[in-house]
Amino acid sequence: MRIAVVGSGYVGLVAGACFAELGHEVIVVDNDAAKVAALKSGETPIHEKFLPELLARHGGRSLSFTEDLAEAVRQSVAIFIAVGTPPTDDGEADLSYVESVARSIASCIDSYKVVVEKSTVPVYTSDWIRKIMLLNGAPAELFDVASNPEFLREGTAVTDFLYPDRIVLGADTERCAEVLRTAYAPLVSGEYYKCVNAVPRPDNSRSLPQLIRTSAKSAELIKHASNAFLAMKISFINAVASICESVGADVQQVCEGIGSDSRIGPRFLSPGVGYGGSCFPKDLTAFRAVARDCGYEFRLLDEVIRINESQRLRFLRKVRKALWTLKGKRLAVLGLAFKGGTDDIRESPAVSILTSLLREGCEIVTYDPAAMDRAAEVLNGSVTYAKSAYEAANRADALLILTDWEEFSALDLDRVHAALRYPIVIDGRNLYDPEQMADHGLIYYSVGRPDVAPRTRVQRPTLNAA
Ligand code: NAD
């Protein structure tokens with residue numbers, strides 16, 4: 001099938017590469033000339049596992065890149081819109097990029113097309129796209145508008161796309177539903193999973209994805225409601241973590257106790273510095289704005305957002321509790337990305353906390369396996385970048401863990417201890433067992449668990465800390 005994907009960001013590029021992997025002919029369109037040139041020359045502009053392999057496998061063959069939307073539209077039967085929908089100042093979704101693409105599609109439509117919302121958009125957007133296309137001269141019989149929300153997570157985007165729990169097809173006509181079914185047929189039938197070169201199946205994935213056919217409006221709501229529910233789960237456990245801190249309980253034990261109830265489940269019960277990224281914060285405010293427009297005050301979402309914001313302040317209080325005054329303190333900050341596995345720093349709690357610490361007069365040495373280049377664009381030389389976690393820790397007054405990279409949960413703790421000026425670790429992601437930290441001579445602060453003091457003084461190794 002011939003597919004166009006408009007937008008080559010985290011969603012568009014992954015979707016384009018994965019549709020090519022499923023055997024389709026894909027054209028990815030972006031209006032950022034530099035990005036298109038980089039993609040044409042074989043670069044992978046974002047950090048995402050398996051993406052470089054897929055771009056190398058299909059780039060220049062069944063996967064091509066262009067700035068020419070009109071040509072891509074003419075060649076394709078399904079056009080997936082995957083441009084950004086950032087928040088406006090009052091928290092609504094800015095749909096101007098979506099509208100602009102819809103207008104351009106209308107002006108060059110010459111045969112039947114399915115225009116698919118892949119971007120996260122508020123309910124009613126499919127109606128608006130339809131109206132805009134009609135106003136701009138697209139004949140009604142030549143197009144349908146469908147909603148196919150994307151549930152991938154950065155860091156595991158390729159495997160999330162290829163091994164999804166479910167595929168939601170919000171299609172109001174049978175004709176456009178059939179086009180979407182064809183796009184995903186190799187996943188739904190399981191044909192793709194029999195290929196010898198298939199991207200490896202991740203643990204805990206369903207054997208076959210569930211296909212859920214809905215109306216376009218329901219599909220739009222499914223995406224907003226899913227993200228709001230997941231964010232609520234994070235804020236809920238963070239609220240419980242605060243109570244644990246007050247009474248001396250251990251939130252990880254509480255998580256085990258409640259997460260083992262199959263009605264609740266253990267995933268997303270992750271106490272820490274709160275959620276961030278380009279989706280949850282903006283999708284929650286957008287969903288709240290949509291609800292308000294429809295006459296419903298979704299106050300539950302206000303509280304989810306408030307708890308999330310307070311987690312960053314609580315963490316800063318922890319740093320003060322550990323170090324007393326902050327001015328002039330040298331801090332090693334591990335993590336800049338909003339979560340492990342990605343270089344995305346949009347709405348990153350790590351960057352927000354780091355910026356507050358800079359304002360307090362701290363000297364920051366930071367390390368992130370993938371996000372330092374992107375962070376350098378916004379932090380403007382105000383911090384020092386290290387080549388490893390150990391180099392960052394060298395002579396620091398404390399080590400702060402702010403992103404849940406796997407690498408940060410497997411540090412050589414003796415080496416960390418030897419590198420630090422004071423053996424203090426403040427962990428905003430609960431990556432370590434407090435007892436293990438105490439055994440390694442570290443003073444350890446985490447979220448929703450009792451602080452621990454060193455149990456034994458570990459002999460400092462003589463190796464070079466960096
Ligand atoms: P992004 O900012 O990384 O990418 C958007 C791309 O669209 C950019 O490359 C931009 O140059 C391009 N673009 C903008 N206007 C264009 C136009 N008129 N023509 C062609 N290209 C244009 O955004 P993203 O993170 O990929 O998110 C895209 C959408 O998907 C958003 O609505 C987001 O909420 C949603 N979403 C994101 C994720 C995620 O994890 N990032 C997951 C699910 C859904």
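This is a predicted model, so every value here is computed, not measured. In listed order, ligands and their atoms are each counted from 1.
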Exercise. Considering D94, V28, D30, D32, which one's heavy-atom position lies nearest to atom 11 (O) of ligand 1?
Worked result: D30
Problem set entry | Contacting atoms of ligand 1, where contact means under 4.0 angstrom from a heavy atom of K223 | 43 (C)
Exercise. In chain order, what residues pass the side chain to side chain donor-acceptor pair (under 3.5 Å) check against E407, with sequence neighbours excluded?
Worked result: Y367
Exercise. Relative to the heavy atoms of V101, which atoms of ligand 1 are at a distance of less than 4.0 Å?
Worked result: 17 (C), 18 (N)
For this session: May I ask you to check whether K118 has an N/O atom sitting below 3.5 Å from an N/O atom of ligand 1?
Result: no
Exercise. Any sub-3.5 Å donor-acceptor pair from K339's side-chain atoms to G277's backbone N or O?
Worked result: no
Exercise. With no hydrogens and no angle check, do the side chains of S126 and E220 hold a donor and an acceptor under 3.5 Å apart?
Worked result: yes
Exercise. Is atom CG of N204 surrounded by more than 12 heavy atoms (other residues, nucleotides or ligands) closer than 6.0 Å?
Worked result: no
For this session: List the closest protein heavy-atom neighbour of atom 37 (C) of ligand 1: residue, atom name, distance to the nearest 0.1 Å.
Result: V11 CG2, 3.2 Å
Problem set entry | Qualifying residue for side chain to side chain contact (heavy atoms under 4.5 Å, CB included) with F50, from T159, L162, V14 | T159
Exercise. How far is atom 29 (C) of ligand 1 from its nearest protein heavy atom, and which residue and atom name does that atom have?
Worked result: V83 O, 3.4 Å
Problem set entry | atom 43 (C) of ligand 1: the protein heavy-atom neighbour that sits closest, reported with distance to 0.1 Å | E150 O, 3.3 Å
Problem set entry | Carboxylate-amine/guanidinium contact R288 E297, below 4.0 Å | no
Exercise. Has ligand 1 got any nitrogen or oxygen that is less than 3.5 angstrom from a nitrogen or oxygen of Y97?
Worked result: no
Exercise. Where the side chain of T403 meets the backbone of W405, is there a donor-acceptor pair that is under 3.5 Å apart?
Worked result: no
Exercise. So, is the end of the R201 side chain (NZ or CZ) under 6.0 Å from the ring centre of Y193 and within 45° of the ring's axis?
Worked result: yes
For this session: Specify the protein heavy atom at minimum distance from atom 41 (N) of ligand 1: its residue, its atom name, and the distance to 0.1 Å.
Result: E154 OE2, 2.7 Å
Could you list the donor-acceptor pairs under 3.5 angstrom formed between side-chain atoms of residues 30-37 and any protein atom two or more places apart in sequence or on another chain?
from : atom 1 : to  : atom 2 : distance (Å)
D30  : OD1    : D32 : N      : 2.9
D30  : OD2    : S8  : N      : 2.7
D30  : OD2    : S8  : OG     : 2.8
D32  : OD1    : A34 : N      : 3.1
D32  : OD1    : K35 : N      : 3.1

Exercise. Just wondering, more than 12 heavy atoms not from R299 lying within 6.0 Å of its CZ?
Worked result: no
Seminar exercise, completed: Per-atom filter on ligand 1: closer than 4.0 angstrom to a heavy atom of G9 are 1 (P), 3 (O), 4 (O), 6 (C), 9 (O), 26 (O)
Problem set entry | Option of least heavy-atom distance to atom 5 (C) of ligand 1 (set: G84, G7, P45) | G84
For this session: Could you list the atoms of ligand 1 found under 4.0 angstrom from a heavy atom of K282?
Result: 33 (C), 34 (O)
Exercise. Applying a strict 4.0 Å limit to heavy atoms, is E67 in contact with ligand 1?
Worked result: no
Problem set entry | Numbered atoms and elements of ligand 1 in range of K35, under 4.0 angstrom, heavy atoms | 8 (C), 9 (O)
Exercise. Does the side chain of Y97 come within less than 4.5 Å of P86's, by heavy atoms?
Worked result: yes
For this session: Give a yes/no on ligand 1: does R153 have at least one heavy atom closer than 4.0 angstrom to it?
Result: no
Exercise. For atom 42 (C) of ligand 1, which candidate among V29, V36, L152, I81 provides the closest heavy atom?
Worked result: L152
Problem set entry | Atom indices of ligand 1, in the order listed, that fall short of 4.0 Å to a heavy atom of V6 | 19 (N), 20 (C)
Problem set entry | R429 NZ/CZ over F408 ring centroid, <6.0 Å and within 45° of normal | no
Exercise. Does a side-chain heavy-atom distance below 4.5 Å link V6 with I79?
Worked result: yes
Seminar exercise, completed: The answer for which part of R346 has a heavy atom under 4.0 Å from ligand 1 is side chain
Exercise. Should you measure from each heavy atom of C279, which atoms of ligand 1 turn up under 4.0 Å away?
Worked result: 36 (N), 37 (C), 38 (C), 39 (C), 40 (O), 42 (C)
Seminar exercise, completed: Checking heavy atoms under 4.0 Å, the part of N31 that sits near ligand 1 is both
Exercise. Between T120 and ligand 1, which part of the residue brings a heavy atom under 4.0 Å of the ligand: side chain, backbone, both or neither?
Worked result: both
For this session: May I ask you to check if ligand 1 and T85 share an N or O to N or O distance below 3.5 Å?
Result: yes
Problem set entry | Part of S278 within contact of ligand 1 (heavy atoms, under 4.0 Å) | side chain
Exercise. Taking atom types as modelled, is there a side-chain donor on Y192 or E21 under 3.5 Å from an acceptor on the other?
Worked result: yes
